[in-house]
Amino acid sequence: MIIQRYAENALRIIFGSQIDMEVHEQVRRAFFLLISLHRIDIIEIIPSFCSCLVIYEDDLTSYETLADLLNERLANLSAVEMPPPQVHEITVHYGGDYGPDLSFVAKHCQLSVSEVIERHCAELYTVFTVGFTPGFPYLGTLDERITAPRLETPRTRIPAGSVGIAQRQTGIYPFESPAGWQIIGRTDIRLFDPARPPYSLMQIGDKVRFIEVQ
Amino acid sequence: MTPAITVRNPAIFSLIVDLGRTGFGAVGVPSSSALDRYACQALYCLLDCANAPLLEVIGPKFALQFDADVICAITGARVMAFLDDAPLRPWTSFRAKKGSLLLVKEVTEGFRYYIGFAGKVKAEAVMGSYTTNLECRFGGLNGTPLKSGDILHLEESREIETNLIPLNLIPSMNSPHILRVMEGPEADSFTADSCRHFWEKGYHELFTVSTNLNRTGIRLDGTPLVFKPEAPKSIVSEGIVPGTIQIPGDGLPIIMLNERTIGGYARVAVIARADQDRLAHLKANDLVCFERIIVEEGERLWRDKQKRITQLQSLTGSTPPPGPIQE
């Protein structure tokens with residue numbers, strides 16, 4: 001674990017540099033531990049694949065003070081208690097207008113379209129983090145036989161529910177938004193409700209399985 | 001009945017904002033804060049309140065009609081505004097009489113301006129904030145920009161003394177914008193030469209603000225940054241702070257504003273917090289350049305800025321000095 005300064009009022013707690021289940025476990029434990037501290041000087045905790053970003057109130061603390069404290073508190077992560085993960089089944093319409101990049105991905109991977117779908121549905125994914133837009137789950141780990149690069153220039157608008165892939169990740173866009181990932185399908189399931197806590201269908205550590213709509 | 005204010009013309013773009021939504025970053029909810037928070041602080045001081053819903057407006061022709069006497073104020077971009085036919089001084093509060101029309105004729109410096117009222121505009125509070133998340137359509141007025149005919153209901157309308165912000169506390173907002181930056185987590189992904197041109201005094205390239213800009217981010221045009229051959233063009237997605245400058249595969253910077261919690265492109269730099277309000281005033285074709293500082297300098301600049309906010313706050317309740325309307 002390394003703590004690094006990011007901005008005047010932000011630091012990163014880094015557990016690794018690759019998408020990896022062990023790194024994810026540490027991030028998740030660190031996240032729940034940070035929440036349990038109930039510190040008023042920590043105003044935002046954003047866990048992701050390999051790190052936790054902490055934004056703090058610099059009127060109440062300093063980088064040095066907080067980094068020392070976190071180094072001490074995060075030394076023994078194995079004892080942290082966490083909520084059990086939920087499993088979500090997500091039905092997807094693949095290809096066509098729903099997934100304009102499916103044929104590109106198939107070509108890129110030298111597979112048939114149905115093989116790409118089959119492999120996308122075969123995995124039980126882990127929610128490594130939630131972000132980009134509210135409720136967007138970053139899911140891994142994608143079968144390496146169906147990986148594709150991000151778009152060099154992101155699309156400015158894609159519909160809500162779009163399912164995308166990029167490198168070893170897959171994800172679902174909860175809202176109409178810009179998108180830099182290859183879009184292979186779309187779901188009708190609502191992923192975020194601002195009126196109902198905990199707001200996001202998916203939380204870090206949850207599990208997801210995709211099911212093709214026939 | 002609560003006083004009502006009718007939007008007669010929403011200008012190019014206007015919406016309800018406040019100082020932002022915090023504490024929900026783990027489920028991807030961004031702050032969506034007003035982009036010029038300093039201008040908002042000034043507005044709150046003029047209106048003697050804290051974190052009420054405000055209007056963030058782009059463009060001329062913005063018009064409001066009042067059906068009751070209301071104290072209002074305008075800050076942010078310098079505008080030529082009129083209450084009926086009387087010109088209004090920038091960064092002041094004023095009394096709009098029942099039946100009067102507030103019209104912004106022209107924006108003379110900067111891009112976004114802010115209008116607030118003594119009282120509280122009725123707006124949708126979502127996850128602890130009134131600000132509009134446009135992408136997800138929540139907060140503000142039904143999660144959408146203001147449109148002609150919208151009615152703003154003013155709850156808790158209050159009577160206060162009018163006041164003004166002295167000129168020395170009004171920042172400059174004109175192009176070129178010199179933005180101070182600190183090295184970002186992936187600064188190392190770029191060649192030394194391209195970093196030098198990006199942020200070193202005497203070398204730095206001027207970037208142009210492209211037409212591809214909104215409340216989420218600002219894309220710049222200019223000489224692309226060059227990735228080192230071994231550096232990946234995208235990163236494992238990670239949390240970002242507002243003001244992060246991301247470099248996608250095409251090498252051209254995107255300045256991230258207050259609408260994202262996570263990013264997947266290399267973060268070459270972070271704009272100093274003290275300079276982030278300026279981002280509200282970058283408009284298409286403006287010129288931008290970056291100047292590297294160390295984080296301790298960023299902290300010092302931020303402390304200075306907070307002192308100016310404290311100065312603003314000390315004005316509250318004081319009698320405005322007499323003087324002619326300028327501009």
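Chain naming here is simple, since letters A, B, ... match the order of the sequence lines and numbering starts at 1 in each. As a basis for the values below, the full set of heavy atoms in this structure was taken, side chains included, without hydrogen atoms, waters or symmetry mates.
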Next on the checklist: For B/F24 and A/Y199, take the angle between the two ring planes, folded into 0 to 90°, and tell me which bin it lands in: parallel under 30, tilted 30 to 60, perpendicular over 60.
Outcome noted: perpendicular
Checklist entry - Applying a criterion of heavy atom separation less than 4.5 Å, what residues of residues 288-297 of chain B form contacts with chain A? => result B/V295
Checklist entry - Checking heavy atoms, do the side chain of B/N133, its backbone, both or neither come under 4.5 Å from chain A? => result side chain
Item to check | Residue, of B/R273, B/K233, B/E259, B/E299, that accumulates the most heavy atom pairs under 4.5 Å with chain A | outcome: B/R273
Next on the checklist: Please identify, among A/S177, A/A10, A/P137, the residue contributing the most non-hydrogen atom pairs under 4.5 Å to chain B.
Outcome noted: A/S177
Item to check | Which atoms of B/R300 approach chain A - backbone, side chain, both or neither, heavy atom under 4.5 Å | outcome: neither
Checklist entry - Between B/C136, B/G139, B/P248, B/A274, which shows the greatest number of heavy-atom pairs under 4.5 Å with chain A? => result B/C136
Checklist entry - Got a sec: does the CG of A/D59 have more than 12 other heavy atoms crowding it under 6.0 Å? => result yes
Next on the checklist: Please determine whether the number of non-hydrogen atoms from other residues, nucleotides or ligands lying under 6.0 Å from atom CZ of A/R196 exceeds 12.
Outcome noted: no
Item to check | Residue selection (most heavy-atom pairs with chain B, distance under 4.5 Å) from A/T133, A/I43, A/I42, A/I35 | outcome: A/T133
Checklist entry - Hey, is A/D58 close enough to B/R303 for a salt bridge, meaning N to O under 4.0 Å? => result no
Item to check | CZ-CZ distance between A/F175 and B/R137, expressed to the nearest 0.5 angstrom | outcome: 11.0 Å
Item to check | residues 17-30 of chain A: residues contacting chain B (heavy atom under 4.5 Å, by number) | outcome: A/S17, A/I19
Next on the checklist: Is it the case that over 12 heavy atoms from other parts of the model lie below 6.0 angstrom from the CD1 atom of A/I40?
Outcome noted: no
Checklist entry - Which one of B/G263, B/G249, B/P185 has the most heavy-atom pairs closer than 4.5 Å to chain A? => result B/P185
Checklist outcome for this item: Closest non-hydrogen contact found for A/S200 with B/V27 is CB-CG1, 3.5 Å
Checklist entry - Checking A/F31 against chain B: side chain, backbone, both or neither under 4.5 Å from a heavy atom? => result side chain
Next on the checklist: Does B/K122 have more than 12 heavy atoms from other residues, nucleotides or ligands lying within 6.0 Å of its NZ?
Outcome noted: no
Item to check | residues 236-243 of chain B: residues contacting chain A (heavy atom under 4.5 Å, by number) | outcome: B/V236, B/S237, B/E238, B/G239, B/I240, B/V241
Checklist entry - Quick one: what part of A/R168 sits under 4.5 Å from any heavy atom of chain B, side chain, backbone, both or neither? => result neither
Checklist outcome for this item: Max heavy-atom pairs within cutoff under 4.5 Å with chain B, candidates A/S48, A/C52, A/P134, A/C50, goes to A/P134
Checklist entry - Heavy-atom distance under 4.5 Å to chain B: side chain of A/F192, backbone, both or neither? => result side chain
Checklist entry - Counting only heavy atoms not in B/K228, do more than 12 fall under 6.0 Å of its NZ? => result yes
Item to check | Quiz item: cation-pi between B/R260 and A/F132, 6.0 Å / 45° | outcome: yes
Next on the checklist: Which heavy atom of A/G131 sits nearest to which heavy atom of B/I262, and what is that distance?
Outcome noted: CA-CD1, 3.9 Å
Checklist entry - If you check every heavy atom in residues 29-41 of chain B against those of chain A, which residues fall under 4.5 Å? => result B/V29, B/P30
Checklist entry - Does a sphere of radius 6.0 Å around CG in B/D250 hold more than 12 heavy atoms from other residues, nucleotides or ligands, not counting ones at 6.0 Å or beyond? => result yes
Checklist entry - To the nearest 0.5 Å, what is the distance between OG1 (B/T261) and CD1 (A/I55)? => result 9.0 Å
Checklist entry - Side chain, backbone, both or neither: which part of A/Y138 has a non-hydrogen atom closer than 4.5 Å to chain B? => result side chain
Checklist entry - Which pair of non-hydrogen atoms, one from A/E8 and one from B/A272, has the smallest distance, and what is that distance? => result OE2-CA, 3.3 Å
Item to check | Nearest heavy-atom neighbours spanning A/E44 and B/R21 | outcome: OE1-O, 4.5 Å
Next on the checklist: Any heavy-atom pair between the side chains of A/Y6 and B/M182 that's under 4.5 Å?
Outcome noted: no
Next on the checklist: Just checking A/R73: does its CZ atom have more than 12 heavy atoms from other residues, nucleotides or ligands closer to it than 6.0 angstrom?
Outcome noted: no
Checklist entry - Using a cut-off of under 4.5 Å for heavy-atom pairs, which of B/Q306, B/M127, B/R267 has the most such pairs with chain A? => result B/M127
Item to check | Closest-packed option against chain B by number of heavy-atom pairs under 4.5 Å, given A/P194, A/S51, A/A7 | outcome: A/P194
Checklist entry - Is chain B contacted by the side chain of A/Q169, its backbone, both, or neither, given a heavy-atom distance below 4.5 Å? => result side chain
